[in-house]
S.K.: 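Encoded as structure tokens, here's the structure I'll be asking about.
The residues of the chain are indexed from 1 along the displayed sequence. Counting starts at 1 for both ligands and their atoms, following the listed order. The shown structure was predicted, so the numbers you read here are calculated from the model rather than taken from an experiment.
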Amino acid sequence: MRAILTLNAGSSSLKLGLFSETLETLGFGHVDRIGGQGALRVVDGAGQTLPIPDTRPEDFETHAKALATALAAFHAGFPGLEVIAVGHRVVHGGIDHAAPERITDDLMAELAKLAPFAPLHQPHNLAGVRAALDAFPDAPQIACFDTAFHRNHPFVNDTFALPRRFYEKGVRRYGFHGLSYDYISGELATTEPKLHAGRVVVAHLGSGASMCGLQGGQSIASTMGFSALDGLPMGTRSGQLDPGVLLYLMDQEGMSSGEISDLLYKESGLKGMSGLSNDMRELEASDDPHAAEAIDYFTFRIRRELGALAAALGGLDALVFCGGIGENSAHIRARVCEGMGWIGITLDAGKNAANARHISIGPVEVMVIPTNEELVIARAAHAVLSP
Ligand code: ADP
């Protein structure tokens, strides 16, 4: 069985996708806790869990070992598997990369230089690429950048009001979650061409969360900026913060950059505000007032950004929810859309509760579209195979 493999390597996780030559989904693999008590789950294209060979903790010691373990499980679950191309999610493509690219030594060297722009993600992404280059030295490998979809946004959404030299050095608003927005834009182009041609806000609400304004299917603004910390509060990330807070943390609290990084990436957001959990399901089920306040702040920021993005777009034709929370939480969608009649949003409560694709009464169309970043990566790899 000839197949395209997609890889999404995080700090301690590895997500794998397997697609046929005609881009049908064959299966997914998910490795958690690399470097610790690693665990692997493999499902087929219908989402059924497949049995996997026995594993030992040392099978998950590094990204390379985790990849080898997951591939052994894929070979057991998909007899005759032959990987013909590998597509990779790479968080940062810098200023110059606005489209997927075939991986070469030169590109790897260039991407490694971008690690300071995304120190918590880029090195792990590239560790995944190196592991795959070793495992499949003859298969073409393609890098797909989370920043690429936003690279053509206008200057006012690309810059900060700092002296010009910082812009030249790459201190810019990159925007992330681009693979997800690319997928949603493509879905709208095929199924809702009128909306695709218009003004759409997409809310990608998962553990990481951001929103993007699309005009004619192109990103013109995003809530994420220089890093994946900006904009909305997230599971454990703060979202937008007054830069004066950073000065205070350094000067008055004596915190180092490493401590501040841990605080903003790992201890803030829903987890920090609630003191309970980064998991929206737990917060929704809790009667703790701090959990309620965390949800209040989350939805308040989404509503605020919705207004801001609609202004940037010059109006609104559609709002699309995606990501784990956006696709599954009728409660959060209802809270976001409450009292939004002034902008043209009125939800159909029954359709919202049913997680239907179209959930509004109008005139602004509100939709729930499950995102599929792996498919966007697989398509890019496919395009390299059959240009
Ligand atoms: P990641 O960014 O890791 O891919 P996901 O897109 O899977 O994250 O989203 C994870 C988030 O989705 C978690 O906060 C989880 O609680 C939330 N979530 C998943 N299902 C539901 C649900 N039915 N109701 C509310 N939140 C949900």
Side-chain angles (χ1 to χ4, degrees), residues 6-17 28-34 39 41 43 47 89 91 118 120-121 124-125 128 144 146 175-184 202-212 222-224 227-239 265-288 290-292 294-299 301-302 320-337 351-356 359 368-377:
T6 65
L7 286 185
N8 177 356
S11 56
S12 62
S13 70
L14 188 60
K15 291 181 192 163
L16 303 93
F28 289 108
H30 194 157
V31 184
D32 265 328
R33 299 191 296 273
I34 295 173
R41 182 166 178 248
V43 299
R89 181 181 189 172
V91 70
L120 299 188
H121 296 96
H124 302 294
N125 297 162
C144 301
D146 257 322
F176 297 87
H177 285 138
L179 301 176
S180 175
Y181 295 129
D182 196 354
Y183 176 80
I184 300 293
V202 185
H204 176 112
L205 309 178
S207 302
S210 73
M211 293 166 75
C212 179
S222 154
T223 60
M224 275 185 175
S227 72
L229 274 178
D230 202 5
L232 304 178
M234 304 171 221
T236 60
R237 289 176 243 166
S238 62
Y265 275 99
K266 297 179 185 162
E267 300 298 332
S268 297
L270 297 175
K271 182 183 172 192
M273 287 194 76
S274 67
L276 188 70
S277 170
N278 60 342
D279 191 311
M280 185 56 87
R281 282 165 293 200
E282 277 186 51
L283 300 187
E284 284 187 21
S286 168
D287 52 14
D288 185 325
H290 290 172
I295 293 180
D296 286 349
Y297 183 72
F298 184 68
T299 51
R301 294 303 306 211
I302 297 169
V320 177
F321 286 99
C322 64
I325 299 171
E327 291 163 28
N328 298 300
S329 176
H331 176 67
I332 295 296
R333 292 192 302 260
R335 291 284 305 274
V336 168
C337 295
K351 288 181 180 164
N352 182 42
N355 289 332
I359 59 170
V368 178
I369 304 183
T371 196
N372 194 341
E373 290 151 307
E374 278 72 25
L375 183 56
V376 173
I377 301 171

S.K.: Which atom pair, heavy atoms only, marks the closest approach of Ser180 to Thr371?
M.R.: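 Closest approach of Ser180 to Thr371: OG-OG1, 2.8 Å.
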
S.K.: Please name the pair of heavy atoms, one in Ile359 and one in Lys351, separated by the smallest distance, quoted to 0.1 Å.
M.R.: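 Shortest heavy-atom contact: CG2-O, 3.6 Å.
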
S.K.: Is there a donor in the side chain of Asn355 and an acceptor in the side chain of Arg333, or the other way round, less than 3.5 Å apart?
M.R.: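 Arg333 and Asn355 do have a side-chain donor-acceptor pair below 3.5 Å.
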
S.K.: Can you list, by chain and residue number, every protein residue with a non-hydrogen atom closer than 4.0 Å to ligand 1?
M.R.: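 Ligand 1 pocket, heavy atoms under 4.0 Å: Lys15, Gly206, Ser207, Gly208, Asn278, Asp279, Met280, Arg281, Glu284, Gly323, Gly324, Ile325, Asn328, Ser329.
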
S.K.: Going through the distances and angles, do Ser210 and Tyr181 end up as a side-chain contact (heavy atoms from CB on, under 4.5 Å)?
M.R.: CA-CA 10 Å; Ser210 73; Tyr181 295 129; 2.6 Å; yes

S.K.: Please list, chain by chain and in numerical order, all residues satisfying side-chain hydrogen bond (donor to acceptor under 3.5 Å, both in side chains) with Arg89, sequence neighbours excluded.
M.R.: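 With sequence neighbours excluded, Arg89 shows a side-chain hydrogen bond (donor to acceptor under 3.5 Å, both in side chains) to Asp146, Glu373, given in chain and number order.
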
S.K.: Is the shortest heavy-atom distance from the side chain of Cys322 to the side chain of Glu327 under 4.5 Å?
M.R.: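 Cys322 vs Glu327: side chains touch.
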
